[in-house]
Amino acid sequence: MNWTAIKSIYVFEMTRFFRTFLQSLISPVLSTSLYFVVFGAAIGSRINEVEGVSYAAFIVPGLIMLSVMTQGISNGSFGIYFPKFIGTIYELLSAPVNFLEIVLGYVGAAATKAMFIGTIILITAFFFVDITILHPAAMVLFLVLTCVSFSLFGFIIGIWAKNFEQLQLVPLLIVTPLVFLGGSFYSISMLPPVWQAISMFNPVVYLISGFRWAFFGIADVPIGVSLLAIAGFTGLCLLVIGWIFRTGWRIRE
Amino acid sequence: MSTILEIRDLKKSYDGGFEALKGVNLSIEEGEIIALLGPNGAGKTTLISAICGIITPTSGSVTVGGHDIRTDFRTTRTMIGLVPQEVSLEPFERVISTVRFSRGLFGKRGNDALIESILKRLSLWDKRNAQIKELSGGMKRRVLIAKALAHEPRVLFLDEPTAGVDVELRKDMWDIVADLKADGVTIILTTHYIEEAEAIADRIGVIAKGEILLVEDKHALMQRMGKKELEVQLNAPLDALPDSLKSDAVRLGPDGSSLIYTYDTRAERTGITKLLSDVAAEGLVLRDVVTRQSSLEDIFVTLVKEDAA
Ligand SMILES: Nc1ncnc2c1ncn2[C@@H]1O[C@H](COP(=O)(O)OP(=O)(O)OP(=O)(O)O)[C@@H](O)[C@H]1O
Ligand SMILES: [Mg+2]
């Protein structure tokens, strides 16, 4: 393993992140605050409690997941797409690094950024609502796994994309709807039975449910199933990346 | 001297079936400077990309310092530095951090003294904290060189390093190349400027349509240039050179329909009289006699044209 190279990629990417630190933070913090105002205060005054948790607190895990997933995907995809786009990828390809090391550097940095933003949003949330975290270790585990798997997924999109439109396409057309319909702002049990059944096909439901369980001990699906879902998604991304690694698809073709 | 780079029967077909390299064979000696000349689309960049790991060759083998570029890519790529033809750099990075990054990417520990000396040598030290987008085109090209040198490669590929570079900077670049050679670095460069190849290369290779047409010592080539050629066109083509005419200076032209005699115009005796009497003694009938002065440019153009025919 060329650890020096992994570290170089990681540090390089993180420097880019910190160079635009304020921009990176202002937008998620602002949008989260808006969600709290709109959903927490406006709607929350009518719903007031979901399964024994105040509505404003209930949406916190979903909001964090929402940001972490979109951040993971955009950081993961942009990190590798950018060198492809401006041509600096020649250096990665001619360096004594294998694909695994490239993935570790880029995905590691993308996941760290997503973690960072997730944490900031959690801190922001503390200003708006009282939250107690019942299972902190599980919370961290879910957060880390989600950051990593969605950054991996983003990395795949970044390799696949041939232009900026394609880069935006998957997040916009698939991920955003899935995340919004994944129970960020409601409990699946609040839906009519047909929609409850349909929701079970949405993988994001399992992640948000598991993450919310870590906070409040309440879940739409059993926690074991949630864990299986996130592990399965991570495994799937790793398989695809392994395949890209062997074939050089869209990189060395 | 030992061989540092050995290319055997290297082929590359791009998607769609276009064969950009048609079986290239080339040996490069440690410490030499070889210039690859060839028209646009000849396959120079493709050849370099295949050696450096940017594209996967279709078949054939390449070894660097005896190590195979596929099975032992870590060793070979650590030995190689690449300055690409296209200037691609991250616009918002600072000069020094992008050079440091290159060193780390190649697995070497930070060495600020070395990076300082590289930047100074390339006259970039004053600009070390500038963002890439603030640099001129020639400076960007030098940043690419600094990045390629940051991990102390033993073999350096320069893909058209002086394209779009002014005369003074080009001379600078030549000096840098000479310095590197003095340090024992092997240099493979491509260029469209024949005088550049003349000025800095030890050997010159000509490539066209994916094939190496000629690789020759520059001095041997220059000697051919300093000389004049006399072409004796014959009425009937020959299969082989008659024994009485055999000498280093005489060769058979294309199709055997002419004899080409190379001579030094400055010599006391050009040997033309003897040649012509030998030709007459062989009973060969002359159709025409032409003389010409060959330059590297002529050799290049002729080779490429012959290949196209
Ligand atoms: N990615 C690619 N896909 C398909 N064909 C390609 C690709 N890259 C290069 N080629 C073709 O391969 C041939 C050789 O290209 P290459 O870039 O190696 O030429 P070159 O000798 O470097 O030319 P130049 O002097 O213009 O830089 C050209 O005909 C080019 O069109
Ligand atoms: Mg080229």
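No experiment lies behind these values; they were computed from the predicted model shown. Note on naming: letters A, B, ... go to the chains in the order of the sequence lines (proteins, then strands), and numbering restarts at 1 for each one.
Within residues 119-151 of chain B, the residues approaching chain A closer than 4.5 Å by heavy atoms are, in numerical order, Leu144(B), Lys147(B).
For CZ of Arg19(A), the number of neighbouring non-hydrogen atoms (other residues, nucleotides, ligands) closer than 6.0 Å is greater than 12. The number of heavy atoms from other shown groups lying within 6.0 Å of NZ (Lys84(A)) is above 12. Taking a 6.0 Å sphere around CZ of Phe201(A), one finds it holds 12 or fewer heavy atoms contributed by other residues, nucleotides or ligands.
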Criterion side chain to side chain contact (heavy atoms under 4.5 Å, CB included) on Phe92(B) and Arg16(A), from CA distance to verdict: CA-CA 9 Å; Phe92(B) 299 105; Arg16(A) 198 212 303 282; over 6 Å; no
CA sep, side-chain torsions, deciding dist, call: Tyr90(A), Glu86(B), side chain to side chain contact (heavy atoms under 4.5 Å, CB included): CA-CA 10 Å; Tyr90(A) 86 86; Glu86(B) 303 285 338; over 6 Å; no
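Taking CZ of Arg74(B) as the reference point, atom CG of Asn98(A) lies at 4.5 Å (rounded to 0.5 Å). For the atom pair CD1 of Ile6(A) and CG of Leu105(B), the computed distance is 11.0 Å after rounding to the nearest 0.5 Å. Remark: Arg100(B) CZ to Ser8(A) OG distance equals 11.5 Å, nearest 0.5 Å. In this structure, the separation between CD1 on Ile54(B) and CG on Leu92(A) is 10.5 Å, given to the nearest 0.5 Å. Between atom OG of residue Ser97(B) and atom CZ of residue Phe12(A) there is a gap of 6.0 Å, rounded to the nearest 0.5 Å.
When heavy atoms are compared at a cutoff of 4.5 Å, Ser102(B) approaches chain A by way of both its backbone and its side chain. For Glu90(B), the parts sitting under 4.5 Å from any heavy atom of chain A are the backbone and the side chain alike.
A donor-acceptor pair is defined here as one N or O able to donate and one able to accept, closer than 3.5 Å; such a pair exists between the side chain of Arg77(B) and the backbone of Ala95(A).
Thr78(B) meets the side-chain contact (heavy atoms from CB on, under 4.5 Å) test with Pro96(A), Lys108(B); sequence neighbours excluded.
Here the side chains of Asn2(A) and Phe106(B) are not in contact, with every heavy-atom distance at 4.5 Å or above. Between Ile86(A) and Pro91(B) there is a side-chain heavy-atom pair separated by less than 4.5 Å.
Among Thr98(B), Leu82(B), Ile51(B), Val87(B), the residue with the largest count of heavy-atom pairs under 4.5 Å with chain A is Leu82(B).
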